[in-house]
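The structure displayed is predicted, hence computed values, not measured ones. Protein chains get the first letters and strands the later ones, always in sequence-line order, with residue 1 at the start of each.
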2 protein chains.
Amino acid sequence: MPTATQKPYHHGDLREHLLLAGEQALLEMPIDDVSLREIARRAGVSHAAPKHHFASMADLLGEIAARGFQKFVNALGSAAEESKRQTAEDRLHAMGRAYLRFADENSAVYGLMFGQVVKMSMTPALTKSSYEAWSQLENAVAQVTGALRAPIAATHVWSSVHGLSMLKSARRLPPHVSLHAVEEDNLRMMIAGLKEA
Amino acid sequence: MPTATQKPYHHGDLREHLLLAGEQALLEMPIDDVSLREIARRAGVSHAAPKHHFASMADLLGEIAARGFQKFVNALGSAAEESKRQTAEDRLHAMGRAYLRFADENSAVYGLMFGQVVKMSMTPALTKSSYEAWSQLENAVAQVTGALRAPIAATHVWSSVHGLSMLKSARRLPPHVSLHAVEEDNLRMMIAGLKEA
DNA sequence: CTTTTTATATTTACACTGTAAAGATTAAAG
DNA sequence: CTTTAATCTTTACAGTGTAAATATAAAAAG
């Protein structure tokens, strides 16, 4: 009587499968083609099967976004860890690089995390993981600006890096600038701005 | 024989009507409810009528985005004009304020202008008006940083202000910060960052 | 071991969507 | 007045998300 394992009934656990299929679809196809029915197709079930695990498509996407935030927190955490022995400015720079990289490599999920479809209040997991991401950045900022100015300064950091990510993925940057140079210079200017009173 | 006026045939000119109806819809209802059929409904025509004026819905939205860019250029231009006699920094600050205000008051159209649905290459009007917006900002930045650093510095300005707009409209800013204070402080930090070499 | 209950998945249905093609209507051109 | 061309409507199709009814199979109860 294996009560400890909670992998039930006939189709393995579909819930997990749907999340994986959704993440995969968001990596492989243009976002407009990622429908609930397409995800069900990829999971090998009927189009109505997801209803028993997610109340709506927005709910499914919300959970994918929550997972995205977890990966995001890990990516920022690794960058912070690796630059542990550097100055606070350099650590922030490293985290900024990790941020841009994550947004680039996971652009569809990133779009979900910061877009209009998924609302922050959807799920406790979402609220929690996004809060973690925020406070992680705020801590790193506090080491540069001091705790007092950290909340507002963190907003500046986030705006700058988020804005660059979005402009890049939407191809709204002028064509004549080197993308790599832009990223490095933007991070530099952003951090320089932090030091002002 | 009025050949000069090009207002033809039976329904007045529907093309203009559709654009206005679309803009109105984007102001009045949640963006997911703004469909091609809804816009046609508002214009009082059948759902297939738009086909003769716009090849696809993305095309219609593209033209709305192009008009948005024109209004956007005007808004930035007015701000620049009004702060003509101030310092270059203050003028940039004023333009930043105008930027944030435009994004706030026209959030749906702004989302179109910088989102994934509309592609920059869709229409000459779009390419042109977005280029105008860009060079307008770059000129203002050049007066602060010098022409040499203007392109990269303008990217920083744009990223920062765009990022803040998006975070605000997607409700991703932490709830405990005053939105007005955040905007002013962000603009200050952004401009301070520009002055670094 | 059999029966009942519950969870899961499929089928079917509905109201939408964007797009395409065929038909009607009306303005402009000859 | 007739022809032509542009515009609008009707109809149709392949999608979508969601909801309800049905089938199925696993777990629980006896």
Show the distances under 3.5 angstrom between N or O atoms of the protein and N or O atoms of nucleotides 15-21 of chain C.
residue: C/dT17; atom: OP1; partner: B/Ser35; partner atom: OG; Å: 3.0
residue: C/dT17; atom: OP2; partner: B/Arg41; partner atom: NH2; Å: 2.9
residue: C/dG18; atom: OP1; partner: B/Leu36; partner atom: N; Å: 2.6
residue: C/dG18; atom: OP2; partner: B/Leu36; partner atom: N; Å: 3.2
residue: C/dG18; atom: OP2; partner: B/Arg37; partner atom: N; Å: 3.1
residue: C/dG18; atom: N7; partner: B/Arg37; partner atom: NH1; Å: 2.4
residue: C/dG18; atom: O6; partner: B/Arg37; partner atom: NH1; Å: 3.0
residue: C/dT19; atom: OP2; partner: B/Met57; partner atom: N; Å: 3.0
residue: C/dT19; atom: O4; partner: B/Arg37; partner atom: NH1; Å: 3.4
residue: C/dT19; atom: O4; partner: B/His47; partner atom: NE2; Å: 3.2
residue: C/dA20; atom: OP2; partner: B/Lys51; partner atom: NZ; Å: 2.6

Ring-plane angle category for [X] and [Y], please: parallel below 30°, perpendicular beyond 60°, tilted otherwise.
X	Y	result
A/Phe114	A/Tyr99	tilted
B/Phe72	B/Phe102	tilted
B/Tyr110	B/His162	tilted

Any B/His53 side-chain N or O less than 4.0 Å from OP1/OP2 of D/dA6: no
Can you tell me the distance, in whole Å, between the [atom1] atom of [X] and the [atom2] atom of [N]?
X	N	atom1	atom2	answer
B/Asp13	D/dA6	CG	C1'	14 Å
A/Arg15	C/dA7	CZ	P	16 Å
B/Leu18	D/dC8	CG	P	8 Å

Criterion side chain to side chain donor-acceptor pair (under 3.5 Å) on B/Glu184 and B/His93, from CA distance to verdict: CA-CA 9 Å; B/Glu184 285 301 309; B/His93 193 109; 2.8 Å; yes
Main-chain N/O of A/Lys84 paired with A/Arg91 side-chain donor or acceptor, under 3.5 Å: yes
Donor/acceptor link under 3.5 angstrom from A/His52 side chain onto base of C/dA9: yes
Side-chain donor-acceptor contact under 3.5 Å, B/Ser159 with A/Asn186: yes
